[in-house]
**Student:** 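Please find one structure pasted underneath; my questions will follow.
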Amino acid sequence: MTRLRLAFMGSPDFSVPALRALHEAGHEIAAVYCQPPRPSGRGQKETPCPVHRAALELGLAVRTPARVRRDTAEHEAFAALDLDVAVVAAYGLILPPAMLEAPRRGCLNIHASLLPRWRGAGPIQAAILAGDTESGITIMRMEEGLDTGPMLLRASVPIGPRTTTPELHDALATLGGPLVLRALEENPNPIPQPEEGVTYAPKLGKEDGRLDWSQDAASLDRRVRALNPWPGTFFRHGEDVIRVLAATPEASSSGAAPGTVLDGEPRVACGSGVLRLTSLQRAGRGAMPADAFLRGYSMSPGSVLG
């Protein structure tokens with residue numbers, strides 16, 4: 001194995017397996033870059049991100065600049081590391097040309113999709129929302145465009161009919177480490193991304209989780225599986241906001257108006273088909289199986305959900 005001097009740049013749980021794989025493989029990790037600690041929990045205590053915690057555990061130097069795009073001092077500090085390569089995995093900051101070009105072999109990104117499909121911030125959720133039957137990891141050489149760089153390696157994983165975002169996230173996170181190690185060792189020729197098949201996965205917000213009962217049940221099921229735990233899927237019932245953490249679609253037609261509660265399971269009429277809600281949560285309460293939830297909350301058949 002060729003031992004390389006590198007920087008690792010990542011922040012969330014998704015990035016941790018790749019950091020550990022690089023460390024275990026014996027590469028010299030000169031610095032780990034991640035997002036600064038953020039206020040978290042009821043006490044709003046400053047909390048380091050998962051990559052920060054993992055780097056400290058491994059005894060690695062950590063840098064947490066709040067911004068890097070126009071900070072020439074950060075550019076110079078990065079260049080002074082004298083890197084062979086930088087490995088980036090969900091870092092959260094846009095790297096300027098001065099940093100992209102500093103390492104001798106450039107910056108490699110571990111991207112959670114089969115590029116050019118699902119460039120952007122939310123590729124895992126987007127794949128499930130769209131009903132894709134596979135996703136994967138692409139190791140790409142970074143350039144200024146949004147996930148437009150040439151590809152070095154790709155590997156795929158299946159998406160089943162009940163796959164959730166946490167399940168797909170973990171499968172892809174596990175895949176990223178070994179694949180980037182292969183890319184570093186084999187140094188394959190980069191292949192430009194094809195111009196056809198480009199799609200974008202935008203950053204998600206809370207309103208993306210609102211359930212629109214006029215949609216078909218299969219689409220709503222994909223939304224529940226894709227958008228939990230973040231931003232979460234929900235509907236309104238009176239003054240209450242009810243989160244839906246799990247559901248099952250049924251193809252049968254009820255003939256009722258979309259959003260109508262059909263029974264005590266509860267099953268809800270959709271634009272096409274029926275969605276059976278199986279795990280629910282009120283604000284400030286814990287998640288509960290739907291039958292237990294309805295023992296303490298009235299949502300009678302015939303009522304219409306917002």
**Student:** Determine whether Phe235 and Arg210 make a side-chain contact, defined as any pair of heavy atoms from C-beta on separated by less than 4.5 Å.
**Tutor:**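 With C-beta onward as the side chain, the pair stays apart.
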**Student:** Linking Ile, Leu, Val, Met, Phe, Trp and Tyr through side-chain heavy atoms less than 4.5 Å apart, which residues share a cluster with Leu129?
**Tutor:**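 Leu204, Leu227, all in the cluster of Leu129.
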**Student:** Going by heavy atoms in the side chains, are Met151 and Pro188 under 4.5 Å from each other?
**Tutor:**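 No. Closest side-chain heavy atoms not under 4.5 Å.
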**Student:** Should Val224 and Ile159 be counted in the same cluster of Ile, Leu, Val, Met, Phe, Trp and Tyr side chains packed under 4.5 Å apart?
**Tutor:**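 No, because Val224 and Ile159 fall into different hydrophobic clusters, even though each may have its own neighbours under 4.5 Å.
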**Student:** Test: salt bridge (Lys or Arg N to Asp or Glu O under 4.0 Å). Region: residues 168-196. Which pairs qualify, not counting sequence neighbours?
**Tutor:**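 The answer is Arg182-Glu186.
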**Student:** Should side-chain heavy atoms under 4.5 Å link Ile, Leu, Val, Met, Phe, Trp and Tyr, which residues sit in the same cluster as Leu146?
**Tutor:**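 Same cluster as Leu146: Val198, Tyr200.
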**Student:** What pairs meet the salt bridge (Lys or Arg N to Asp or Glu O under 4.0 Å) rule with one or both residues in residues 107-116, with sequence neighbours excluded?
**Tutor:**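 Non-adjacent pairs meeting salt bridge (Lys or Arg N to Asp or Glu O under 4.0 Å): zero.
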**Student:** Determine the minimum heavy-atom distance between Glu46 and Pro48, stating which atoms define it.
**Tutor:**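 Residues Glu46 and Pro48, closest heavy atoms: O-CD, 4.1 Å.
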**Student:** Asn109 side chain to Met140 main-chain N or O, any donor-acceptor pair under 3.5 Å?
**Tutor:**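 Answer holds: no.
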**Student:** Could you tell me whether the side chain of Ile110 reaches within less than 4.5 Å of the side chain of Leu108, counting heavy atoms only?
**Tutor:**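 Result no, sub-4.5 Å side-chain heavy-atom pair not found.
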**Student:** If you link ILVMFWY side chains whenever their heavy atoms are less than 4.5 Å apart, which other residues fall into the same cluster as Leu245? By chain and number, please.
**Tutor:**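 None; Leu245 is a cluster of one.
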**Student:** Please name all residues satisfying salt bridge (charged side-chain N to carboxylate O under 4.0 Å, His left out) with Arg20, sequence neighbours left out, ordered by chain then number.
**Tutor:**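 Here the qualifying residues are Glu57.
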**Student:** Can you tell me how far apart CZ (Arg223) and CG (Asn228) are? Round to the nearest 0.5 Å.
**Tutor:**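 Nearest 0.5 Å value for the CZ-CG distance: 11.5 Å.
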**Student:** Could you list the donor-acceptor pairs under 3.5 angstrom formed by side chains in residues 253-267, with sequence neighbours left out?
**Tutor:**
| from | atom 1 | to | atom 2 | distance (Å) |
| --- | --- | --- | --- | --- |
| Ser254 | OG | Ala256 | N | 3.1 |
| Thr260 | OG1 | Ala257 | O | 2.7 |
| Asp263 | OD1 | Glu265 | N | 3.1 |
| Asp263 | OD1 | Arg267 | N | 2.9 |
| Asp263 | OD2 | Arg267 | NH1 | 3.0 |
| Arg267 | NE | Glu250 | OE1 | 3.0 |
| Arg267 | NH2 | Glu250 | OE1 | 3.3 |

**Student:** Applying salt bridge (Lys or Arg N to Asp or Glu O under 4.0 Å), which residue pairs with at least one partner in residues 124-143 are found, sequence neighbours left out?
**Tutor:**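 Qualifying pairs, neighbours excluded: Arg117-Asp132.
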**Student:** Answer yes or no: is there a side-chain heavy-atom contact under 4.5 Å between Val244 and Leu275?
**Tutor:**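 No; the side chains remain at least 4.5 Å from each other.
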**Student:** Apply side-chain contact (heavy atoms from CB on, under 4.5 Å) to the pair Arg282 and Phe293, showing each step before the final yes or no.
**Tutor:** CA-CA 9 Å; Arg282 290 175 69 186; Phe293 180 90; 3.4 Å; yes
**Student:** Which heavy atom of Trp230 sits nearest a heavy atom of Lys206, and at what distance?
**Tutor:**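 Reported closest heavy-atom pair: CH2-CG, 3.8 Å.
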**Student:** Is any side-chain heavy atom of Met9 less than 4.5 Å from a side-chain heavy atom of Leu93?
**Tutor:**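 Heavy-atom side-chain distance check fails, nothing below 4.5 Å.
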**Student:** Ignoring hydrogens and geometry, is there a side-chain-to-backbone donor-acceptor pair from Thr64 to Cys34 under 3.5 Å?
**Tutor:**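 Checked: no pair found.
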**Student:** Could you report the tightest heavy-atom contact between Ala126 and Ala201, atom names first, then the distance?
**Tutor:**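 Here Ala126 and Ala201 meet closest at CB-CB, 3.6 Å.
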**Student:** With a 3.5 Å distance limit and no angle check, can you tell me whether His111 reaches the backbone of Trp118 through a side-chain donor-acceptor pair?
**Tutor:**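 Checking the backbone N and O of Trp118 against the side chain of His111, a donor-acceptor pair under 3.5 Å is found.
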**Student:** side-chain contact (heavy atoms from CB on, under 4.5 Å) between Leu22 and Val180: does it pass, once the steps are laid out?
**Tutor:** CA-CA 8 Å; Leu22 291 164; Val180 78; 4.2 Å; yes
**Student:** Would you call Pro194 and Pro116 a side-chain contact if the rule is heavy atoms closer than 4.5 Å?
**Tutor:**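 A side-chain contact under 4.5 Å exists here.
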**Student:** Any chance you could measure Met142, atom CE, to Glu144, atom CD, to the nearest 0.5 Å?
**Tutor:**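 The CD atom of Glu144 is 11.0 Å from CE of Met142, to the nearest 0.5 Å.
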**Student:** Distance check, rounded to the nearest 0.5 Å: Ile137 atom CD1 versus Leu172 atom CG?
**Tutor:**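 So the CD1 of Ile137 and the CG of Leu172 are separated by 4.5 Å.
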**Student:** Could you check whether Asp221 pairs with Arg162 (Lys NZ or Arg NE/NH1/NH2 to Asp/Glu carboxylate O, under 4.0 Å)?
**Tutor:**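 Salt bridge: yes.
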**Student:** Show the numbers, then the answer: is there a side-chain contact (heavy atoms from CB on, under 4.5 Å) between Val16 and Val51?
**Tutor:** CA-CA 6 Å; Val16 173; Val51 165; 4.1 Å; yes
**Student:** Would you say Tyr91 and Ile139 are hydrophobically clustered, going by side-chain heavy atoms of ILVMFWY under 4.5 Å?
**Tutor:**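 No, it is not one cluster - the side chains of Tyr91 and Ile139 are not joined through contacts under 4.5 Å.
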**Student:** For the backbone of Arg276 and the side chain of Thr248, can you confirm whether one donor and one acceptor N or O come within less than 3.5 Å of each other?
**Tutor:**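 Checking the backbone N and O of Arg276 against the side chain of Thr248, no donor-acceptor pair under 3.5 Å is found.
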**Student:** Between Thr138 (side chain) and Ser113 (backbone), is there a donor-acceptor pair under 3.5 Å?
**Tutor:**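 Yes, because the side chain of Thr138 sits within donor-acceptor range (under 3.5 Å) of the backbone of Ser113.
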**Student:** Specify the closest pair of heavy atoms between Val274 and Ser252, including all atoms of both residues, with the distance to one decimal.
**Tutor:**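 Distance-wise, the nearest heavy atoms are CG2-O, 3.4 Å.
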**Student:** Taking all non-hydrogen atoms of both residues, which atom of Ala130 and which atom of Arg222 are closest, and how far apart?
**Tutor:**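 Closest heavy-atom pair between Ala130 and Arg222: C-NE, 4.1 Å.
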**Student:** Main chain of Gly149, side chain of Gln193: is a donor-acceptor contact present, judged purely on distance under 3.5 Å?
**Tutor:**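 Yes, Gln193 side chain to Gly149 backbone: donor-acceptor pair under 3.5 Å.
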**Student:** Donor-acceptor pairs under 3.5 angstrom involving side-chain atoms of residues 95-107: please list them, not counting sequence neighbours.
**Tutor:**
| from | atom 1 | to | atom 2 | distance (Å) |
| --- | --- | --- | --- | --- |
| Arg104 | NE | Asp84 | OD1 | 3.1 |
| Arg104 | NH1 | Asp82 | OD1 | 2.7 |
| Arg104 | NH2 | Asp82 | O | 3.2 |
| Arg104 | NH2 | Asp84 | OD1 | 3.0 |
| Arg105 | NH1 | Leu184 | O | 3.4 |
| Arg105 | NH2 | Leu184 | O | 2.9 |
| Arg105 | NH2 | Asn187 | OD1 | 3.4 |

**Student:** Give a yes or no on whether the backbone of Ala127 and the side-chain of Ser135 come within a donor-acceptor separation of less than 3.5 Å.
**Tutor:**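 Checked: no pair found.
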**Student:** Nearest 0.5 Å please: distance from the CZ atom of Phe234 over to the CZ atom of Arg243.
**Tutor:**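 Here the interatomic distance stands at 10.0 Å.
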**Student:** Determine, stepwise, if the pair Leu19 / Leu58 fulfils side-chain contact (heavy atoms from CB on, under 4.5 Å).
**Tutor:** CA-CA 10 Å; Leu19 173 62; Leu58 296 172; 4.3 Å; yes
**Student:** Which atom pair, heavy atoms only, marks the closest approach of Leu83 to Ala30?
**Tutor:**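 In this case the closest contact between Leu83 and Ala30 is CD2-CB, 4.0 Å.
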**Student:** Nearest 0.5 Å, please: how far is CG in Leu211 from CD1 in Ile242?
**Tutor:**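 The CD1 atom of Ile242 sits 11.5 Å away from the CG atom of Leu211.
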**Student:** Tell me who clusters with Leu56, hydrophobic residues only, linked when side chains sit under 4.5 Å apart either directly or through other members.
**Tutor:**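 Result for Leu56 is Val62.
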**Student:** Side chains of residues 71-79: which donor-acceptor pairs under 3.5 Å do they make with residues two or more places apart or in other chains?
**Tutor:**
| from | atom 1 | to | atom 2 | distance (Å) |
| --- | --- | --- | --- | --- |
| Asp71 | OD1 | Ala73 | N | 3.1 |
| Asp71 | OD1 | Glu74 | N | 3.3 |
| His75 | NE2 | Val68 | O | 2.6 |
| His75 | NE2 | Arg69 | O | 3.3 |
| His75 | NE2 | Asp71 | O | 3.4 |

**Student:** With a 3.5 Å distance limit and no angle check, can you tell me whether Thr47 reaches the backbone of Pro39 through a side-chain donor-acceptor pair?
**Tutor:**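 No, Thr47 side chain to Pro39 backbone: no donor-acceptor pair under 3.5 Å.
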**Student:** Shared ILVMFWY cluster between Leu114 and Ile128, side chains joined below 4.5 angstrom?
**Tutor:**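 Different clusters: Leu114 never reaches Ile128 through Ile, Leu, Val, Met, Phe, Trp or Tyr contacts under 4.5 Å.
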**Student:** Quick one: are Ile191 and Pro150 in side-chain contact, heavy atoms under 4.5 Å?
**Tutor:**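 Answer no - side chains too far apart.
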**Student:** For Arg5, enumerate each residue passing the salt bridge (charged side-chain N to carboxylate O under 4.0 Å, His left out) test, keeping only those at least two apart in sequence or located in another chain.
**Tutor:**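 Arg5 satisfies salt bridge (charged side-chain N to carboxylate O under 4.0 Å, His left out) with Glu28 only.
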